[in-house]
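What you see below is based on every heavy atom in this structure, not just the backbone, and it leaves out hydrogens, waters and symmetry mates. Chain identifiers are assigned alphabetically (A, B, ...) following the order of the sequence lines, protein sequences preceding nucleic acid strands; residue numbering begins at 1 within each chain. Predicted, not measured: the structure shown is a model, and the values here were computed from it.
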Protein chains: 2
Amino acid sequence: MKQKILVVDDEPDAVELLEINLRSAGYEVVSASDGEEALKKARMLLPDLIVLDLMLPEVDGTEVCKILRRDVKTSGIPIIMLTAKAGEIDRVLGLELGADDYVTKPFSPRELVLRVKRLLRVAQQDETKSDRIEWKELAVDIPRHQATVKGKSVDLTATEFKLLTVLAQRRGRVQSREQLLHDVWQYDNLIDTRTVDTHMRRLREKLGSAAKYLDTVRGVGYRFVED
Amino acid sequence: MKQKILVVDDEPDAVELLEINLRSAGYEVVSASDGEEALKKARMLLPDLIVLDLMLPEVDGTEVCKILRRDVKTSGIPIIMLTAKAGEIDRVLGLELGADDYVTKPFSPRELVLRVKRLLRVAQQDETKSDRIEWKELAVDIPRHQATVKGKSVDLTATEFKLLTVLAQRRGRVQSREQLLHDVWQYDNLIDTRTVDTHMRRLREKLGSAAKYLDTVRGVGYRFVED
DNA sequence: CCTTGCTGTGACATAATCGTAACATTGATG
DNA sequence: CATCAATGTTACGATTATGTCACAGCAAGG
């Protein structure tokens, strides 16, 4: 599953340079050229990382950064700041803005890709979310990437595992197909919602007796039963 | 029970930044501004983790690190080094100093907190510190740099050995290719993730019957099986 | 200087997984 | 009970991840 990166800069040249390099490093790239667009796309697409120029028309980069940090949905997304002056670094990284890293312009694409990789790895390690979910005979162990039913390990594919994890983490609450596509497939809304059904079936089949915890809520979506 | 962290740096600004961020992440923070004070507080308070600047007045950071590692009481405490130069990383992480991780200045507080969390998690699981790992017919002797299968020594290259070690130390938990690149290849670089696959193949080939303990988790990474 | 072993990469082969479409079944509604 | 929409089920071609191999660069050591 490709990781998604949002690039925000008003200079088309810089954006293009970044896009080319990030794409060839295997990332999916989305771009925005001003602060407003950046905020909108960040909230909609929930990228895995944001590369943000400090100087932007309309809403300034610093402002964008602060706003992203305030919103629960986006506050966890790593941000790399593009900045011209070395003197600004402390402010950028410090409490005021809370960026995760910076690169001074003009930057070498190589270095930027390197920092992107590093940040994504560090962010991945975070996993502040609970490591393990248990419900009756079903257990989901995230770091081991392993689900067990009555103590017996069940082989799930990456997608099935994630689907189960998302549902189990929101135990009791119904998740729409769109929501699931967003959370599990990282908002590749090019995908048909019926795909979710197919995966649910496969998941249920593999889970055997534990399939009863996966409820269909007709006309709404799916949920992990609570009782 | 709050975990205690000792922060050692002679720049008051850096210390303050660290204190604020670590406190808000739920840790108890103690600080020291030179090497001597650091050693005294480390021995007295036995913190769960130490953040140590490389450049210190009086007793240098490198010296502090060595001394802490020599003393039985403090040798097990994870140390994160704050360092200015990327060139020093090898020495810091290597045998000479034996720090557990490093962050280059200027650093982002968010990243540092993530690394602190990670190290504390790893330290708790604490297989890491053992010199020798055994699993069924496979044994890995770290100081002797030697792996054996059914008592018969297996010739591994440095990279293969490290790869096996990292996987075995995190027994059961899936490691992404990115994570493995970081842990095995030491510092961040632009090596292709497929390189990991190649080394896994070589490792499996050499391990023979013990290769079955090295699991591929499709779409995620590799893991050392636990059962 | 040559030799040797180690490494990272690209190319190709293979197998697992995915998304979709098509058809079957179920449940709601009047 | 007839109808329609939603969901379950199945099969299959396309896509992608991984295994495997060969090769060239390089460093270490003779």
Side-chain angles (χ1 to χ4, degrees), chain A residues 1-3 23-28 110 113-114 117 145 147 154-164 167 174-208 211-223 225, chain B residues 90 145 147 154-164 167 174-208 211-223 225:
Chain A
M1 265 171 254
K2 266 188 188 173
Q3 288 182 293
R23 285 235 165 79
S24 73
Y27 298 108
E28 190 187 328
R110 206 184 117 84
V113 171
L114 198 135
K117 284 192 174 180
H145 217 265
V154 177
D155 250 25
L156 299 180
T157 69
T159 314
E160 286 156 5
F161 187 82
K162 187 134 191 213
L163 181 58
L164 175 60
L167 284 167
V174 182
Q175 306 294 309
S176 70
R177 289 175 174 70
E178 286 76 16
Q179 184 70 47
L180 290 171
L181 274 180
H182 182 272
D183 292 346
V184 177
W185 280 258
Q186 323 247 37
Y187 215 80
D188 287 336
N189 54 359
L190 327 157
I191 291 175
D192 189 352
T193 54
R194 289 305 309 281
T195 298
V196 177
D197 298 46
T198 304
H199 278 273
M200 281 302 290
R201 186 187 117 46
R202 289 172 182 153
L203 186 53
R204 281 166 166 163
E205 189 174 45
K206 289 189 181 177
L207 288 183
K212 59 176 174 285
Y213 302 129
L214 301 176
D215 252 16
T216 302
V217 182
R218 185 164 257 262
V220 188
Y222 295 98
R223 92 175 142 201
V225 297
Chain B
D90 281 339
H145 217 267
V154 177
D155 249 26
L156 298 180
T157 69
T159 313
E160 287 155 5
F161 185 81
K162 188 102 194 249
L163 181 57
L164 175 60
L167 284 168
V174 179
Q175 306 295 309
S176 70
R177 290 174 174 71
E178 286 76 15
Q179 185 68 54
L180 290 171
L181 273 180
H182 177 252
D183 291 344
V184 175
W185 279 254
Q186 288 294 12
Y187 42 89
D188 307 284
N189 47 30
L190 287 173
I191 291 176
D192 195 299
T193 53
R194 290 305 310 279
T195 298
V196 177
D197 298 46
T198 302
H199 279 272
M200 282 301 289
R201 185 184 116 46
R202 290 170 182 155
L203 184 54
R204 281 166 165 163
E205 192 173 43
K206 289 190 181 176
L207 288 183
K212 59 175 175 283
Y213 303 129
L214 301 177
D215 247 17
T216 302
V217 182
R218 188 164 256 261
V220 188
Y222 294 98
R223 90 176 141 203
V225 297

Looking across every strand, which nucleic acid part, if any, lies under 4.0 Å from [X] by heavy atom: base, sugar-phosphate, or nothing?
X	result
B/V217	sugar-phosphate
B/T198	base
B/T157	sugar-phosphate

Select one nucleotide: of [options], the one nearest the side-chain heavy atoms of [X].
X	options	result
B/R201	C/dT20, D/dT20, C/dT17	D/dT20
B/R194	D/dT7, C/dG8, D/dT20	D/dT20
B/T159	D/dG19, C/dT7, C/dT9	C/dT7

Study note, to complete from the structure: Whichever of A/K206 and B/H199 has the more 5' nearest nucleotide on DNA chain C, that residue is B/H199

Review point. More 5' along DNA chain C: A/R218 or A/R202, using each one's nearest nucleotide?
Key: A/R202

Point to revise | Ion pair A/D183/A/K162, N-O distance below 4.0 Å | key: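 A/K162 and A/D183: not salt-bridged.
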
Point to revise | A/E160 and A/R202 ion-paired at < 4.0 Å | key: no

For [X] and [N], what is the distance between atoms [atom1] and [atom2] respectively, to the nearest whole Å?
X	N	atom1	atom2	result
A/M200	C/dC18	CE	P	15 Å
B/I191	C/dT7	CD1	P	11 Å
A/L214	D/dG8	CG	P	11 Å
A/Y222	D/dA6	OH	P	13 Å
A/D197	D/dT10	CG	P	14 Å
A/D215	C/dT26	CG	C1'	15 Å
A/F161	C/dC18	CZ	P	13 Å
B/H145	C/dC6	NE2	P	12 Å

Practice item. Report yes if at least one side-chain N or O of B/W185 is closer than 4.0 Å to OP1 or OP2 of C/dG8; otherwise report no. Key: yes

Exercise for review: For A/G221 and for A/E205, find the nucleotide of DNA chain D with the closest heavy atom, then tell me which residue's nucleotide is more 5'.
Suggested key: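 Nearest nucleotide further toward 5': that of A/G221.
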
Practice item. Report the distance from atom CG of A/L156 to atom CG of A/L207, rounding to the nearest 0.5 Å. Key: 6.0 Å

Review point. If you draw a 6.0 Å radius around CZ in A/R110, do more than 12 non-hydrogen atoms from other residues or ligands fall strictly inside?
Key: no

Review point. Would a 4.5 Å heavy-atom cut-off, applied to side chains only, mark B/W185 and B/T195 as touching?
Key: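 Yes, close enough: below the 4.5 Å cut-off.
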
